Amino acid sequence: MGFSRQRVTLRLSVTDRCQLRCRYCMPLEGVPRVSHHDVLRFEEILRVVTLLRERFGLYKVRLTGGEPLLRSGITELARALASMGEMELALTTNGQLLSDLAEPLRRAGLTRINVSLDSLDPARYRELTRGGSLERTIAGIEAARAAGFAPIKLNTVVLRGVNLCEVGRIATFALERGLQPRFLELMPIGCARGFFERDFVSSEEVHRELEKDFTLAELPVNPASSSREFTIEGSGRLHGMVGFISSESRPFCAGCDRLRLTSTGTLIGCLARGDGCDLRKYLRLGDRDADEELAQAVHQVLAAKRPRGEFTRADLMPLLGG
Ligand code: SAM
Ligand code: SF4
């Protein structure tokens with residue numbers, strides 16, 4: 001069964017590079033360097049986005065990576081995408097460079113920000129990210145709040161023996177600041193394959209952990225969302241929403257309208273399996289009519305979307321954009 005989609009969303013990986021080396025995501029040596037020439041230029045990205053908007057009902061773009069804030073000119077790219085109008089424009093970041101960029105990105109027209117935050121303990125954060133500064137990420141979150149982003153979501157990948165003990169603290173930190181915590185199940189992909197069985201924690205277990213301090217009530221399911229959302233209430237009038245992304249225990253393939261575009265122009269229909277399609281070769285044909293070939297390629301990728309089964313993809317997560 002292929003999925004037929006009237007509307008799609010796009011995860012746009014603008015760079016494979018990252019200054020951090022989160023243990024479940026990035027190998028110590030980083031990803032193999034790609035030549036500058038192979039990375040899609042802004043005008044090529046905009047051409048793909050325009051095509052997806054005009055022919056495939058694209059309604060949301062999420063800038064990701066690697067670390068998207070490392071791509072030079074990211075604010076200009078955001079401005080160009082935002083100027084297309086009628087499209088949600090979001091970004092997922094590790095927050096290390098956000099304190100300087102939150103305000104310019106907001107002014108450029110970015111509508112939403114998710115910040116990855118796996119620990120509130122500075123030493124554990126540094127250890128897990130292999131060198132990241134918790135202080136800088138928190139400064140980035142504060143800058144995003146000051147710039148008026150709302151809701152800001154905090155993404156936490158929960159790992160046994162690492163940060164499961166912190167989920168209540170992270171939820172409290174988020175709710176005190178009007179942020180929305182979201183707890184992600186580890187996916188057996190890239191670097192995480194080696195310790196997936198050992199460190200995986202189900203959303204159900206995180207939910208039980210949170211119930212020690214909070215009351216949770218499920219909200220109606222949005223079939224196009226990867227996240228299940230709950231209202232959450234704690235002592236001292238703490239309240240808000242919490243999300244769970246249960247990629248393993250409750251895959252959401254049936255509602256998935258996501259496409260991914262890698263920084264070098266491969267269009268991917270599924271994070272777990274299947275081949276991608278190289279759009280760069282059409283983008284660089286030097287042929288104004290290549291739009292037809294591009295559209296055919298998108299059709300093929302969409303038609304090949306299936307409920308995913310096992311993770312068989314061997315790519316590293318920073319190449320896929322999370
Ligand atoms: N560098 C940015 C960041 O960390 O937010 C954006 C890219 S990162 C690949 C996007 C998201 O993927 C992050 O929230 C990260 O925690 C998540 N991620 C990476 N590897 C993962 C894995 N094996 N399982 C689940 N989530 C993963
Ligand atoms: Fe970098 Fe994000 Fe991967 Fe961490 S999760 S290594 S911050 S790309």
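For ligands, and for the atoms within them, numbers begin at 1 and follow the listed sequence. For clarity, every value in this text was computed on a predicted model and none was experimentally measured.
Salt bridge status for K212 with E209: present, with a side-chain N to carboxylate O gap under 4.0 Å. Between R71 and E76 there is no salt bridge, since none of the side-chain N atoms of the basic residue sits less than 4.0 Å from a carboxylate O of the acidic one. For E166 and R124, the salt-bridge test passes: some basic side-chain N is under 4.0 Å from an acidic carboxylate O. A salt bridge links R228 with E218: the distance from a Lys NZ or Arg NE/NH1/NH2 to an Asp or Glu carboxylate oxygen falls below 4.0 Å. Ion pairing between R47 and E43 fails under the 4.0 Å rule for side-chain N and carboxylate O. A salt bridge links E44 with R284; the closest basic N to acidic carboxylate O contact falls under 4.0 Å.
Atom 27 (C) of ligand 1 has M317 CE, 3.7 Å as its closest protein atom, hydrogens excluded (heavy atom only). Among protein heavy atoms, the minimum distance from atom 2 (C) of ligand 1 is reached at E67 OE1, 3.5 Å. Ranking protein heavy atoms by distance to atom 24 (N) of ligand 1, first place goes to M187 N, 2.8 Å. Scanning all protein heavy atoms for the shortest distance to atom 10 (C) of ligand 1 gives G322 CA, 3.9 Å. Looking from atom 5 (S) of ligand 2 to the surrounding protein, the closest heavy atom is C25 SG, 3.6 Å. Distance from atom 5 (O) of ligand 1 to its nearest protein heavy atom, with residue and atom name: S116 OG, 2.6 Å. Remark: minimum distance from atom 16 (O) of ligand 1 to any protein heavy atom is reached at Y24 OH, 2.9 Å.
Of the protein's heavy atoms, none falls inside 4.0 Å of atom 2 (Fe) of ligand 2.
Of all atoms in ligand 1, numbered sequentially from 1 with element shown, those under 4.0 Å from a heavy atom of C25 are 19 (C), 20 (N). Near T64, meaning under 4.0 Å from one of its heavy atoms, ligand 1 places the atoms 6 (C), 7 (C). The I189 neighbourhood of ligand 1 comprises atoms 23 (N), with distances under 4.0 Å to a heavy atom of that residue. Every atom of ligand 1 is numbered from 1 in the order shown, and the set under 4.0 Å from a heavy atom of A192 is 23 (N). Atoms of ligand 2 lying under 4.0 Å from at least one heavy atom of M26, given by number and element, are 6 (S). For ligand 1, the atoms lying closer than 4.0 Å to a non-hydrogen atom of E185 are 25 (C). The contact set between ligand 1 and V157, taken as ligand atoms under 4.0 Å from a residue heavy atom, comprises 16 (O), 26 (N). Within the listing of ligand 1, atoms 1 (N), 2 (C), 6 (C), 7 (C) sit less than 4.0 angstrom from a heavy atom of G66.
Of all heavy-atom pairs between I152 and V115, the closest is CG2-CG2, 4.3 Å.
Taking 4.0 Å as the cut-off, G65 counts as a neighbour of ligand 1 on heavy-atom distance. L20 counts as a contact of ligand 2, since one of its heavy atoms falls under 4.0 Å from the ligand. The closest approach between S247 and ligand 1 stays at or above 4.0 Å for every heavy atom of the residue. Residue contacts with ligand 2 include G66, since one or more of its heavy atoms lies under 4.0 Å from the ligand.
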Under the criterion ring-ring contact (aromatic ring centres under 6.0 Å, His included), I'd like the reasoning laid out for H207 against F183: C-alpha separation, chi angles, the key distance, then a yes or no.
CA-CA 9 Å; H207 191 291; F183 296 102; over 10 Å; no
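Here T93 has backbone heavy atoms under 4.0 Å from ligand 1, and that is the only part of it that gets that close. Both the backbone and the side chain of T92 come within contact range of ligand 1, each with a heavy atom under 4.0 Å.
Judged by a 6.0 Å distance limit and a 45° cone about the ring axis, R182 is not positioned over the six-membered ring of F244. Relative to the six-membered ring of F173, R177 meets both conditions, a distance below 6.0 Å and an angle of at most 45° to the axis.
When distances to atom 1 (Fe) of ligand 2 are checked against a cut-off of 2.8 Å, C22 contributes no N, O or S atom below that limit.
Y282 and D291 share no donor-acceptor pair across their side chains, judged by distance under 3.5 Å alone.
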